[in-house]
Amino acid sequence: MDTKLLIIIAFSYLYGFFEIFMSMRQRLQRQKSIIKSGDKASIWILIISIGLGYSLSFSIGSTRLGRIYHWDTFFAIGAILTIFGLIIRIKSIVALKQHFTYTVTQIENHELIESGLYKNIRHPGYLGQLMIFTGAATALSNWISIVLMAVVVLFGYLNRIKVEERFMIEQMGQKYRDYQKRTNKLIPMIY
């Protein structure tokens with residue numbers, strides 16, 4: 001098996017373990033502070049879309065179908081995308097501090113964070129994850145893998161954003177609507 005492919009797979013597993021560890025850690029710390037949940041199964045749609053995106057992307061990526069024969073270039077681009085995505089993801093978690101949750105929930109002393117990455121976009125953590133997943137697919141050097149990963153995972157995140165924003169408006173009303181007017185959803189100055 002190619003060394004680059006092993007690196008991509010190893011990173012993907014390590015990142016998955018990081019997210020699972022953070023989720024379990026948060027769940028143990030938060031059990032008493034959750035006031036209201038508004039998830040509506042979006043977490044499961046997201047998990048399924050990520051799993052499906054990885055399955056399709058890596059299945060096609062292991063064949064010659066759609067192969068781009070600039071392996072080193074696309075591996076480097078994918079690695080850079082993934083690293084920047086990971087930095088954005090971690091910075092967004094750190095900015096939220098105790099307000100970060102894996103499910104759409106209201107916690108005790110819930111407040112709207114508008115500093116750091118949240119000053120310009122409402123969902124930088126999701127942007128970071130999209131960059132990580134697209135970076136992993138790009139590193140496979142296969143255009144079909146890139147498209148499959150991006151489309152399938154983006155579907156899960158757009159659903160999640162819709163659920164989360166509806167919940168935030170329900171909880172914070174005009175304050176969140178004003179925040180929506182000042183910021184972009186996912187990509188600064190674009191969307």
Side-chain angles (χ1 to χ4, degrees), residues 1-26 41-96 100-103 116-118 121-164 184-188 190-191:
M1 190 178 277
D2 191 295
T3 305
K4 292 176 188 133
L5 188 56
L6 287 173
I7 291 169
I8 297 165
I9 292 169
F11 174 81
S12 296
Y13 274 104
L14 287 173
Y15 177 69
F17 290 137
F18 165 76
E19 291 289 348
I20 291 168
F21 169 77
M22 292 295 290
S23 175
M24 290 171 48
R25 180 174 170 254
Q26 178 202 41
S42 70
I43 189 73
W44 291 108
I45 292 170
L46 191 57
I47 289 169
I48 290 167
S49 71
I50 292 168
L52 184 61
Y54 262 100
S55 297
L56 292 171
S57 184
F58 276 73
S59 295
I60 295 294
S62 64
T63 69
R64 294 195 188 286
L65 183 66
R67 171 75 53 213
I68 302 168
Y69 290 96
H70 300 287
W71 209 176
D72 292 337
T73 304
F74 277 83
F75 182 80
I77 292 168
I80 290 166
L81 243 169
T82 301
I83 289 166
F84 279 113
L86 188 58
I87 290 167
I88 290 170
R89 176 72 174 160
I90 291 170
K91 285 184 81 128
S92 71
I93 292 171
V94 169
L96 288 176
F100 172 76
T101 61
Y102 275 92
T103 56
L117 296 172
Y118 290 89
I121 57 175
R122 297 188 297 275
H123 305 283
Y126 298 155
L127 172 63
Q129 285 185 306
L130 285 166
M131 290 173 69
I132 290 167
F133 301 137
T134 305
T138 302
L140 291 171
S141 190
N142 185 302
W143 69 269
I144 298 172
S145 292
I146 297 167
V147 170
L148 287 172
M149 179 70 86
V151 169
V152 173
V153 172
L154 186 60
F155 166 78
Y157 279 101
L158 291 177
N159 175 69
R160 174 62 173 234
I161 288 169
K162 183 174 73 174
V163 169
E164 188 171 314
N184 289 95
K185 209 176 273 192
L186 203 56
I187 303 169
I190 297 173
Y191 175 72

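For clarity, every value in this text was computed on a predicted model and none was experimentally measured.
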Kindly compute the distance separating CD1 (I47) from CD (E19), expressed to the nearest 0.5 Å. 10.5 Å

Heavy atoms of R160 and L46 approach each other most closely as CG-CD2, 4.3 Å

Nearest-0.5 Å distance, OG of residue S55 to CD1 of residue I50: 11.5 Å

How close do I88 and M131 get, heavy atom to heavy atom, and via which atoms? CD1-SD, 3.6 Å

Give the minimum heavy-atom separation between S49 and G156, together with the two atoms involved. OG-CA, 3.4 Å

Could you check if a side-chain atom of I90 sits within less than 4.5 angstrom of a side-chain atom of F18, using non-hydrogen atoms only? yes

Stepwise salt bridge (charged side-chain N to carboxylate O under 4.0 Å, His left out) test for E164 and R122: CA-CA 10 Å; E164 188 171 314; R122 297 188 297 275; over 6 Å; no

Backbone of L65 reached by a side-chain donor or acceptor of N142 within 3.5 Å: yes

Between CD1 on residue I190 and CG on residue N184, distance to nearest 0.5 Å: 8.0 Å

Nearest heavy-atom neighbours spanning Y118 and G125: OH-N, 4.4 Å

Would you say the side-chain atoms of R67 pair up with the backbone N or O of L140, donor to acceptor, closer than 3.5 Å? yes

I need the minimum non-hydrogen distance between V153 and F133, along with the two atoms involved. CG1-CD1, 3.6 Å

Could you state the interatomic distance from CD1 (I43) to CG (N159), rounded to the nearest 0.5 Å? 11.0 Å

Angle between ring planes, F17 versus Y13, binned at 30° and 60°: parallel, tilted or perpendicular? tilted

CH2-CD1 distance between W143 and I68, expressed to the nearest 0.5 angstrom: 9.0 Å

For residues F75 and S141, determine if any side-chain heavy atom of one lies less than 4.5 Å from a side-chain heavy atom of the other. no

Side-chain heavy atoms of F58 within contact of S145, under 4.5 Å: no

Crowded around F155 CZ? As in, over 12 foreign heavy atoms under 6.0 Å? no

Which atom names give the shortest non-hydrogen contact between I161 and H123, and what distance separates them? CG2-NE2, 3.6 Å

In this structure, CG of L52 is separated from CD1 of I45 (nearest 0.5 Å) by 13.0 Å

Parallel, tilted or perpendicular: ring planes of Y157 versus Y126, cut at 30 and 60 degrees: tilted

Within the 4.5 Å heavy-atom criterion, are I144 and T63 side-chain neighbours or not? no

